[in-house]
Amino acid sequence: MLRKKLSVLLATAMVAAAVVGCGGADQAAAPAAEAPAAEAPAEDAAPADDAAAEDAAADDGAEAPAASGDVITVGYAQVGHESDWRTANTQNYQDVFSAENGYELSLIDCDNDNAVQLEAVRNFITQQLDYIIIAPIETAGWDTVLQEAQDAGIPVIIADREIDAGADMYDAWVGTNTKNEGITAGNWLAEYLNGEEANILVIEGSVGASATLGRSEGFNEVAAQHSEWKILDSQSGDFTQDGGQEVMESFIKSYEGQFNVVVCHNDNEAYGAMDAMKAAGITYGVDGDVIIISFDATHDGLQYTLDGAINCNVECNPIQAAVVAEVIQKMHNGEDYEATTLVNDEAFVAPGIESQYATTMTEEILAGRAY
């Protein structure tokens, strides 16, 4: 097997050759405030290559993988269903790895349980599937099961997130640069504030997830360069709307009147934070007292950005399955393949905001978002 060292700093040109594609459906309701496209709120019950990205979104169905017509069996150990992003990612894999495209997909929703995910991978190995795809819940603890896959001769692709195991323990990686996402958010905030003070509250993603670690590292790296910024607190909302609301309610009790920036590690957490602030009479967004930064840039998240409720939304593209399918096709045909494929992201800001780090949100951009 061809192996290359994982590097999230891979040149953008790599993605242009690939089909471009971060965190459940149970918690997808957006807050009450401003977006007509979202469900009722909890209070009533709750810079990329654009052309390449558009081509990717249009190409959900990869070509049939084997010229012989043989069915390729694939196991996907999915994180769970904690967010709109994850729901879109799951659907993308089901669309691409379909029987019509020559695949038999076994997709396991691991419900954010690391032990369940390890067991799912071991079951894939026992079933002797042709390929295994893992969207790791946690970064650590993968060496043993990856060695088991190697011993069984089953190629493994790590998708969406990253792991601590060395690149020699798996065959390919496809995902986004979450540290760069955090840096983009930090750079935008610095540009927007232009030297003004920032008292920041952070609602992190799931503990131990590479997306959480990367976004925190990137944003904190920028924050360290600004003496006028202070991160008051940072707690996990577990990438869910309920988690975001619970953390924000706690923050309001502890820091009411002290903060002017809230950073949420995904859109669902942002919905929960907005619900909590609205209930407390705290204004947010372009015309409010609190700046909101979110990640993922899902359809509803971008609706709130367009409406001015979210100031800046940094994309993590969930449409990644066709990239993974291309890697598997090359493996299956004995061709050279890229062991690292970086899926690029954009950032978007509310109308009226101009930025060198983000694109101003428009109705046209929103209409082109399928997730």
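The model shown is predicted, which means the values in this text are computed figures rather than measured ones. Computed from heavy atoms alone, side chains included, the values below leave out hydrogens, waters and symmetry copies.
Here the closest non-hydrogen pair linking Arg161 and Pro136 is CD-O, 3.0 Å.
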Practice problem: Report the C-alpha distance between Arg369 and Glu315 in whole Å, list the side-chain angles of each, state the deciding distance to 0.1 Å, and finish with yes or no for salt bridge (Lys or Arg N to Asp or Glu O under 4.0 Å). | Solution: CA-CA 12 Å; Arg369 310 293 283 195; Glu315 181 185 41; 2.7 Å; yes
Practice problem: Would you sort out whether Phe124 and Ser106 count as a side chain to side chain contact (heavy atoms under 4.5 Å, CB included), showing the intermediate values? | Solution: CA-CA 8 Å; Phe124 294 155; Ser106 177; 3.5 Å; yes
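In summary, of the residues considered (Ile293, Val263, Thr184, Val222), a side chain to side chain contact (heavy atoms under 4.5 Å, CB included) with Leu189 occurs for Ile293 alone. Cys316 pairs in a side chain to side chain contact (heavy atoms under 4.5 Å, CB included) with only one of the listed residues (Asp296, Asp267, Thr298), which is Asp296. Here the options are Val156, Asp171, Ile132, the test is side chain to side chain contact (heavy atoms under 4.5 Å, CB included), and the partner is Leu146; only Val156 passes.
In this structure, the side chains of Met248 and Met277 come closer than 4.5 Å at one or more pairs of heavy atoms. A heavy-atom distance below 4.5 Å is not found between the side chains of Glu162 and Thr139.
Checked against the 6.0 Å centroid threshold, Tyr255 and Phe259 do not count as a close aromatic pair. Ring centroid separation for the pair Tyr304 and Tyr271 comes in under the 6.0 Å cut-off.
Rounding to the nearest 0.5 Å gives a distance of 12.0 Å between CG of Asn333 and CE of Met331.
Counting non-hydrogen atoms of neighbouring residues, nucleotides and ligands closer than 6.0 angstrom, the CD atom of Glu354 reaches no more than 12 such neighbours.
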